[in-house]
2 protein chains.
Amino acid sequence: MPQPAADTVTEGQPGLIVPKTERGRRTLRALLDAAALEFGANGFHATGITDITRRAGVALGSFYTYFASKEDIFRALVSDLSGQVKTEVAPHVEAAPDALSRERAALAGFLDFVTRQQLIYRIIDEAEFVAPDAYQGHYRKTVARIAARLEDGAAKGELRAGVGEVEAWAIAGMNVFLGLRYGVWGEGEELSEVVARAHRLVAEGLGRR
Amino acid sequence: MPQPAADTVTEGQPGLIVPKTERGRRTLRALLDAAALEFGANGFHATGITDITRRAGVALGSFYTYFASKEDIFRALVSDLSGQVKTEVAPHVEAAPDALSRERAALAGFLDFVTRQQLIYRIIDEAEFVAPDAYQGHYRKTVARIAARLEDGAAKGELRAGVGEVEAWAIAGMNVFLGLRYGVWGEGEELSEVVARAHRLVAEGLGRR
DNA sequence: GTGAAACATGAATCAATATTCAACTTGAAA
DNA sequence: TTTCAAGTTGAATATTGATTCATGTTTCAC
């Protein structure tokens with residue numbers, strides 16, 4: 001009886017099975033990769049388990065060795081991709097010399113990621129409805145990173161004092177919408193121009209000096 | 001044969017039937033209202049046609065007198081709500097004396113709307129996946145209004161020159177995320193504080209003066 | 001008052017598909 | 001070489017729920 005034995009479990013992701021053999025790890029990865037492509041292209045509800053297993057080159061039944069349900073694999077995917085976004089953007093940010101340019105670098109890195117991984121990125125967005133907990137988790141973590149950067153910048157005197165969580169949510173929203181409009185829906189607009197304009201807004205605001 | 005006769009159609013919404021009698025108008029409205037509650041509370045896919053008709057106090061079959069499909073009523077609803085958001089926010093904006101306070105008023109009005117109409121508001125968000133065209137339409141219109149305000153402000157010398165579409169998308173994203181975080185997920189944070197902070201970001205940016 | 005168009009009804013249809021299950025295979029440790 | 005836990009398989013199940021349709025009722029213009 002191959003009931004997903006509640007055995008080893010990765011970081012707080014209840015229900016996520018960790019394979020014990022190399023063969024198992026390969027199958028698990030194949031399923032996740034296939035799911036990313038299918039969910040990204042067709043969305044959660046239009047994607048069938050068979051679409052995923054077919055693309056992964058795996059039997060239908062094997063799916064349930066690794067995931068308890070369709071929602072389960074979606075949740076796992078969101079964690080996976082949340083990590084990817086962070087990993088892609090981080091080096092850009094770290095290379096920047098001061099607080100303001102760190103925010104510009106974060107936006108530039110994010111726009112770049114979204115543009116290259118449009119389908120993939122939509123999965124995170126759809127999580128708002130398919131896996132709200134995973135969605136909240138992703139953005140709470142993202143915003144916490146931004147807020148930490150801002151507070152650090154303020155402490156160093158590179159930003160005005162008092163910036164914090166609200167400003168971080170505002171910036172996150174800005175970035176996400178610019179990503180949607182110019183990264184996903186974009187029709188060849190110059191991304192560096194978008195970054196420059198958005199950054200000026202963040203740095204100086206809209207008022208006359 | 002009560003096939004939705006392709007007859008009169010409201011503003012560019014193909015497939016939307018306009019009832020010819022008072023009774024029909026009442027039923028249509030009951031369906032839209034019920035759908036808003038059900039979709040808002042349970043989401044598109046968890047909501048059945050029967051949930052909508054039951055709540056509306058109408059027979060299952062009557063649904064198809066007015067809508068060709070479940071997606072059809074969802075689309076109609078998004079248009080409906082898009083109009084409501086605009087109508088709710090507009091008076092706040094118009095009462096404001098200058099460009100910068102207009103943006104503050106818009107955010108304040110929007111946060112207020114989202115807080116009072118949380119369930120309703122989620123429908124617009126879910127449209128990104130259920131009715132992408134309606135979703136794009138909503139935001140393109142919203143952003144066009146913001147951009148027009150900004151350009152007007154710049155022309156009057158109340159804002160710096162050169163602000164436009166990119167800035168408008170940035171502000172829209174800011175507002176939406178603040179609405180999600182403090183309006184929908186909020187746990188009693190002081191909204192006026194949120195508005196004040198976000199507005200200072202828009203007016204002055206994060207840099208030191 | 002009459003007739004036709006508009007609207008209402010809900011049981012029956014019908015396709016989709018997530019999930020289960022019992023039998024089979026693999027691979028590595030003993 | 002045997003053994004067994006781990007992994008694989010895909011046909012069968014079971015439910016769900018959107019859509020159809022044939023029939024009944026209401027409205028209103030004439």
Side-chain angles (χ1 to χ4, degrees), chain A residues 1-10 15-32 34-35 38-39 42-77 130-131, chain B residues 1-10 15-32 34-35 38-39 42-77 130-131:
Chain A
M1 51 182 84
Q3 297 295 5
D7 215 327
T8 319
V9 163
T10 38
L16 217 188
I17 289 320
V18 168
K20 303 205 164 139
T21 69
E22 182 52 32
R23 180 168 65 140
R25 277 185 289 275
R26 269 203 306 275
T27 304
L28 175 56
R29 180 104 307 267
L31 284 170
L32 282 170
E38 292 292 331
F39 284 141
N42 307 318
F44 181 77
H45 295 282
T47 298
I49 308 288
T50 51
D51 297 324
I52 298 173
T53 53
R54 186 180 319 119
R55 187 185 280 267
V58 153
L60 176 53
S62 293
F63 179 89
Y64 291 92
T65 301
Y66 298 95
F67 303 100
S69 68
K70 200 170 129 181
E71 271 155 35
D72 200 38
I73 194 177
F74 196 91
R75 222 184 311 278
L77 214 45
V130 175
Chain B
M1 51 184 83
Q3 296 296 5
D7 216 325
T8 319
V9 163
T10 37
L16 217 187
I17 289 318
V18 169
K20 304 206 162 142
T21 70
E22 182 54 30
R23 180 168 66 139
R25 277 186 289 274
R26 268 201 309 275
T27 304
L28 175 57
R29 180 103 310 266
L31 284 170
L32 281 171
E38 293 292 330
F39 284 141
N42 307 318
F44 181 77
H45 295 282
T47 298
I49 308 286
T50 52
D51 298 323
I52 297 173
T53 52
R54 188 180 318 120
R55 185 184 282 265
V58 153
L60 175 53
S62 293
F63 179 91
Y64 292 92
T65 301
Y66 297 95
F67 303 100
S69 68
K70 199 171 130 181
E71 270 153 36
D72 200 39
I73 193 177
F74 196 90
R75 223 184 311 276
L77 213 45
V130 175

Under 4.0 Å: is that the gap between some side-chain N or O of A/Thr50 and OP1 or OP2 of C/dA18?
-> no

Does B/Arg29 have any salt bridge (Lys or Arg N to Asp or Glu O under 4.0 Å) partners at least two apart in sequence or in another chain, and if so, which?
-> B/Asp33, B/Asp80

Looking at B/Tyr66, does any N or O in its side chain come under 4.0 Å of the phosphate oxygens OP1/OP2 on C/dA8?
-> yes

Could you give the CZ-to-P distance, from B/Arg25 to C/dA6, as a whole number of Å?
-> 13 Å

Can you tell me the distance, in whole Å, between the CD atom of A/Glu71 and the C1' atom of C/dT19?
-> 13 Å

Using a cut-off of less than 4.0 Å, is there contact between a side-chain N or O of A/Thr21 and OP1 or OP2 of D/dG7?
-> yes

Residues that B/Thr21 engages under side-chain contact (heavy atoms from CB on, under 4.5 Å), provided they are two or more places apart = B/Arg23

Reckon B/Thr53 touches a base, only the sugar-phosphate, or nothing at all at heavy-atom distances under 4.0 Å?
-> nothing

Value rounded to 0.5 Å, distance of CZ in B/Arg75 from CG in B/Leu77 | 12.0 Å

For B/Phe63, which residues count as a ring-ring contact (aromatic ring centres under 6.0 Å, His included) partner, sequence neighbours excluded?
-> B/Phe67

Just how far, in rounded Å, is P of C/dT17 from CZ of A/Arg54?
-> 11 Å

Can you check the B/Phe63 CZ to C/dC7 P distance for me, whole Å?
-> 16 Å

Could you check how far NZ of B/Lys20 sits from C1' of C/dA8, rounded to whole Å?
-> 17 Å

Of the non-hydrogen atoms in A/His45 and A/Lys70, which two are nearest, and what is the gap between them?
-> O-NZ, 3.8 Å

Collect all protein-nucleotide pairs involving nucleotides 10-16 of chain D in which both atoms are nitrogen or oxygen and the distance is under 3.5 Å.
from, atom 1, to, atom 2, distance (Å)
D/dG10, N7, A/Gly61, N, 3.0

Polar atom pairs between nucleotides 24-28 of chain C and protein, under 3.5 Å, N or O only, would you list them?
none

Parallel, tilted or perpendicular: which describes the rings of B/Phe74 and B/Phe39, with under 30° parallel and over 60° perpendicular?
-> perpendicular

For the pair made of OH in B/Tyr64 and P in C/dC7, what is the distance, rounded to whole Å?
-> 18 Å

Indicate every side-chain donor-acceptor pair of residues 51-61 of chain A with a distance under 3.5 Å to a residue at least two apart or in another chain.
from, atom 1, to, atom 2, distance (Å)
A/Asp51, OD2, A/Gly48, N, 2.8
A/Thr53, OG1, A/Ile49, O, 3.2
A/Thr53, OG1, A/Thr50, O, 3.2
A/Arg55, NE, A/Glu38, OE2, 2.7
A/Arg55, NH2, A/Glu38, OE2, 3.2

Taking OP1 and OP2 of C/dC7, is either one under 4.0 Å from a side-chain nitrogen or oxygen of B/Thr27?
-> no

Let me know the distance between CG of A/Asn42 and P of C/dT17, rounded to the nearest Å.
-> 11 Å

Can you tell me how far P of C/dA16 sits from CG of A/Asp51, to the nearest Å?
-> 13 Å

